[in-house]
Chemist: 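Got a structure for you, questions after.
Letters A, B, ... are given to chains in the order of the sequence lines, protein chains preceding strands, and every chain is numbered from 1.
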Amino acid sequence: MSGFPFDTLLVANRGEIALRIIRTAKRLGLRTVVVAHAADAGSPATLGADEVVAIEGRTGVAAYLDGAQIIEAARRTGAGAIHPGYGFLSENAGFARAVAAAGLTFVGPTPEAIDLMGDKIRARAFVAERGFPVAPSAIEDEDPASFVERARALGAPLLVKPSAGGGGKGMRIVRDMALLDQEIAQARSEGERYFGDGRLYVERFVERPRHIEVQVMGDGHGTVVHLGERECSVQRRFQKIVEETPSPALTPELRSRICETAAGIARAAGYRNAGTVEFIFGGGEFYFLEMNTRLQVEHPVTEEVTGIDLVETQLRVAAGERLAFGQGDIRSTGHAIELRIYAESAARGFTPTTGSVLALRLPTGEGIRVDIGIAEGQRVTTAFDPMLAKVIVHGPDRATAIARARKALAGFALLGCETNGGFLDRLMAHPDFAAGAVHTGWIDENPDLAAEPTLSADLLRRIAAVAALATRAVRDGADAVPPLHAAIGGWRN
Amino acid sequence: MRHAFDIDGTETEVWLARDGQAYRLEGDAGRARVSLDGQGLDRELSVDSRREPVLMVIEGEVIHLHLGGRTYQVRHLDPARRFADADDSAGGDVARAPMPGTVVRVDVAVGDAVTTGDPLVVIESMKLETTIRAWHDGVIAELHVAAGQSFDRDAPLVTLGSGAV
């Protein structure tokens with residue numbers, strides 16, 4: 001027996017996320033059910049679960065977002081709890097309520113906490129009212145008459161953004177205050193055009209900011225702890241690529257301040273389960289940005305340094321247990337880095353790529369972990385997120401972790417679909433990264449990082465030799481097409 | 001026999017000559033005594049006296065290989081096909097996908113007469129909608145995709161004929 005009030009867990013997600021959760025649930029003795037759209041037939045997640053329930057939708061994504069279908073799948077399979085994974089349904093308060101209303105356990109925070117933190121302006125006001133640091137700002141809604149005056153008083157540089165905004169749309173940076181009126185008018189018209197809402201929000205803009213976030217965990221019995229910070233400054237198009245812990249930017253004094261601030265915010269919100277408090281860090285100051293009310297993609301770096309399985313902790317807390325550890329019991333050891341392997345072409349502006357996974361080789365070795373959700377024979381399409389796998393490394397210090405990251409990347413081979421593996425290796429080899437001197441705009445400022453380097457004469461000769469010899473062998477019939485290729489032809493039908 | 005390959009966007013012509021038990025590589029990539037040993041996916045490449053592991057899969061005319069820590073897609077350029085492609089691009093009248101994505105909407109049917117600028121197909125890639133518009137007056141000769149369908153980079157979307165209605 002598992003010792004949980006439920007013996008079956010339904011995982012409402014796909015890919016590496018679903019597989020990651022299934023792995024821990026199995027270790028804890030839980031039976032696992034996964035929902036899957038036809039596009040994911042035969043994926044490692046569907047092979048790893050004890051039972052698979054087919055879900056349908058106009059698109060694959062729509063199927064995974066269909067809460068009613070998922071709750072029905074849980075009912076049919078006798079699942080007592082639903083883990084929403086870390087995308088799709090994990091931050092949907094309505095889904096959390098529907099799960100509870102169906103008499104099932106939602107492995108995540110309360111719907112109230114999801115609602116509070118899901119509304120950025122409300123979350124910000126909640127945090128500011130309790131005395132935690134937020135970037136100095138002016139919100140038009142609070143007093144429309146004095147809005148421009150209050151914005152001017154903040155001083156340059158400023159970030160003007162639509163209140164209703166998201167994804168960077170309509171945002172404008174003002175460095176010259178003489179242009180403030182003009183930029184406000186522009187942002188307002190863009191807000192109206194994109195969101196049908198011209199209300200604005202202005203905050204002090206942090207130049208070359210770093211993105212630092214803190215993992216928190218609450219048990220619903222009054223205990224909230226933090227599990228240290230993660231730095232996620234290496235981003236392209238507002239999406240994270242590399243995460244690490246500890247952050248090379250923080251002094252011990254700043255680290256304890258930012259971590260305690262995060263735990264304080266979670267405590268004030270009466271937070272239960274896993275969450276992440278995100279901060280913008282620059283000029284020696286940090287400001288609350290937002291809180292994600294879910295387990296995040298980059299949680300493994302925290303697991304590597306603390307030795308705590310966060311999915312297990314989530315399941316125990318959801319089952320009503322108290323946290324088995326207090327703040328003083330959490331120890332961080334060494335340095336961990338996570339690299340996200342995306343199906344994309346760095347050289348062509350990070351556009352997605354597609355193809356069949358013809359061959360896959362995963363790195364092994366000391367301090368190397370790979371979380372992956374695809375297997376040989378599967379097709380990579382643009383129907384879902386382009387993230388295919390995560391390579392996580394852990395070492396006694398940052399230099400060792402970087403060296404292990406490069407070793408792991410060299411040993412990661414996926415044939416059939418272009419990935420960002422070479423780009424990640426160039427990131428790891430870059431002196432700015434080694435020096436810890438990165439910020440959220442670093443990749444944009446260094447376009448040469450994305451360009452594939454020209455082949456050396458030596459490398460060109462080696463590639464040409466393989467190509468010529470392989471072509472000749474196939475042509476002469478001396479060598480059949482590799483057997484896997486023939487097998488994949490069959491799998492596609 | 002001479003082979004031409006597209007290696008990282010550059011056309012490279014090479015040929016092999018027998019050299020005892022191994023081959024000698026000649027051509028644009030330079031000279032070397034080479035051999036490729038083993039079967040299936042995992043091979044060992046030998047270039048002069050240096051040996052290293054190679055992971056390799058052949059998919060039609062594309063050779064996927066992992067060598068020295070990086071993955072490459074090398075395309076074998078067949079001489080006959082190279083001429084055919086050149087012809088095709090000269091009279092090319094096909095809109096091809098600039099990147100993989102999904103078809104949001106198809107606004108025309110085969111046989112429809114269109115004028116320059118008319119919307120033909122709306123596609124979505126990277127959460128960005130793009131409308132493919134008629135690039136000259138003509139008649140829709142072929143629709144290669146339907147609404148809801150996903151496509152790969154370079155996939156043909158619409159063929160626009162010049163014929164009168």
Chemist: How about B/Arg105: does its CZ atom have over 12 heavy atoms from other parts shown lying under 6.0 Å from it?
Modeler: no
Chemist: So what's closer than 4.5 Å to chain B heavy atoms on A/Thr419: side chain, backbone, both or neither?
Modeler: neither
Chemist: Start with the C-alpha gap between A/Val466 and B/Met56, add the side-chain angles, then the distance that decides, and say whether side-chain contact (heavy atoms from CB on, under 4.5 Å) holds.
Modeler: CA-CA 9 Å; A/Val466 175; B/Met56 181 186 85; 3.8 Å; yes
Chemist: Measuring from A/Leu455:CG to B/Thr12:OG1, what's the distance to the nearest 0.5 Å?
Modeler: 8.0 Å
Chemist: Between B/Val74 and chain A, with a heavy-atom cut-off of 4.5 Å, which part of the residue counts as in contact: side chain, backbone, both or neither?
Modeler: side chain
Chemist: Using 0.5 Å steps for rounding, measure from the CD1 atom of B/Ile7 to the CG atom of A/Leu460.
Modeler: 5.0 Å
Chemist: Which answer fits B/Leu65, side chain, backbone, both or neither, if we ask what part of it has an atom under 4.5 Å from a heavy atom of chain A?
Modeler: both
Chemist: Is B/Leu36 in contact with chain A via its backbone, its side chain, both, or neither, using a 4.5 Å heavy-atom distance?
Modeler: both
Chemist: Could you tell me which portion of B/Leu55 (side chain, backbone, both or neither) has an atom closer than 4.5 angstrom to a non-hydrogen atom of chain A?
Modeler: both
Chemist: At a heavy-atom separation under 4.5 Å, does B/Thr10 approach chain A through its side chain, its backbone, both, or neither?
Modeler: neither
Chemist: Is the backbone of A/Ala410 close enough, under 3.5 Å, to the side chain of B/His66 for a donor and an acceptor to pair up by distance?
Modeler: yes
Chemist: Name the member of A/Gly421, A/Gly416, A/Ala457 that forms the most heavy-atom pairs with chain B at distances under 4.5 Å.
Modeler: A/Gly416
Chemist: A/Ala470 versus chain B, heavy atoms under 4.5 Å apart: side chain, backbone, both or neither?
Modeler: both
Chemist: Could you check whether A/Arg379 pairs with B/Asp152 (Lys NZ or Arg NE/NH1/NH2 to Asp/Glu carboxylate O, under 4.0 Å)?
Modeler: yes
Chemist: Locate the shortest heavy-atom distance separating A/Leu414 from B/Thr71; write the atom from each residue and the value.
Modeler: O-CG2, 3.7 Å
Chemist: With a 4.5 Å cut-off on side-chain heavy atoms, are B/Arg31 and A/Arg461 touching?
Modeler: no
Chemist: Between B/Arg70 and A/Glu452, does at least one N-O distance fall below 4.0 Å, as a salt bridge requires?
Modeler: yes
Chemist: Of the non-hydrogen atoms in B/Pro100 and A/Thr354, which two are nearest, and what is the gap between them?
Modeler: CB-CG2, 3.6 Å
Chemist: Take B/Asp42 and A/Arg361, measure what side-chain contact (heavy atoms from CB on, under 4.5 Å) needs, and give me the verdict at the end.
Modeler: CA-CA 10 Å; B/Asp42 290 291; A/Arg361 288 287 183 279; 2.6 Å; yes
Chemist: Kindly indicate whether the side chain of A/Ile463, heavy atoms from C-beta on, has any atom under 4.5 Å from the side chain of B/Phe5.
Modeler: no
Chemist: At a heavy-atom separation under 4.5 Å, does A/Leu469 approach chain B through its side chain, its backbone, both, or neither?
Modeler: both
Chemist: Take atom CD of A/Glu56 as the centre, draw a 6.0 Å sphere, and report whether it contains more than 12 heavy atoms from other residues, nucleotides or ligands.
Modeler: no
Chemist: Between B/His64 and A/Leu415, what is the shortest heavy-atom contact and its length?
Modeler: O-CD1, 3.6 Å
Chemist: Would a 4.5 Å heavy-atom cut-off, applied to side chains only, mark B/Tyr72 and A/Leu459 as touching?
Modeler: yes
Chemist: Would you say A/Arg462 and B/Leu67 make side-chain contact, with heavy atoms under 4.5 Å?
Modeler: yes
Chemist: Is it true that B/Arg50 and A/Asp458 have a side-chain N and a carboxylate O under 4.0 angstrom from each other?
Modeler: yes
Chemist: Report which part of A/Arg58 has an atom under 4.5 Å of a heavy atom belonging to chain B: side chain, backbone, both, or neither.
Modeler: neither
Chemist: Can you name the closest pair of heavy atoms from B/Met99 and A/Pro352 and give their distance?
Modeler: SD-CD, 4.5 Å
Chemist: For a quick test of reading the model, state the closest non-hydrogen atom pair linking A/Ala465 to B/Leu45 and the distance between them.
Modeler: CB-CD1, 4.1 Å
Chemist: What heavy-atom pair brings B/Asp8 and A/Pro453 nearest, and what distance separates the two atoms?
Modeler: OD2-O, 4.4 Å
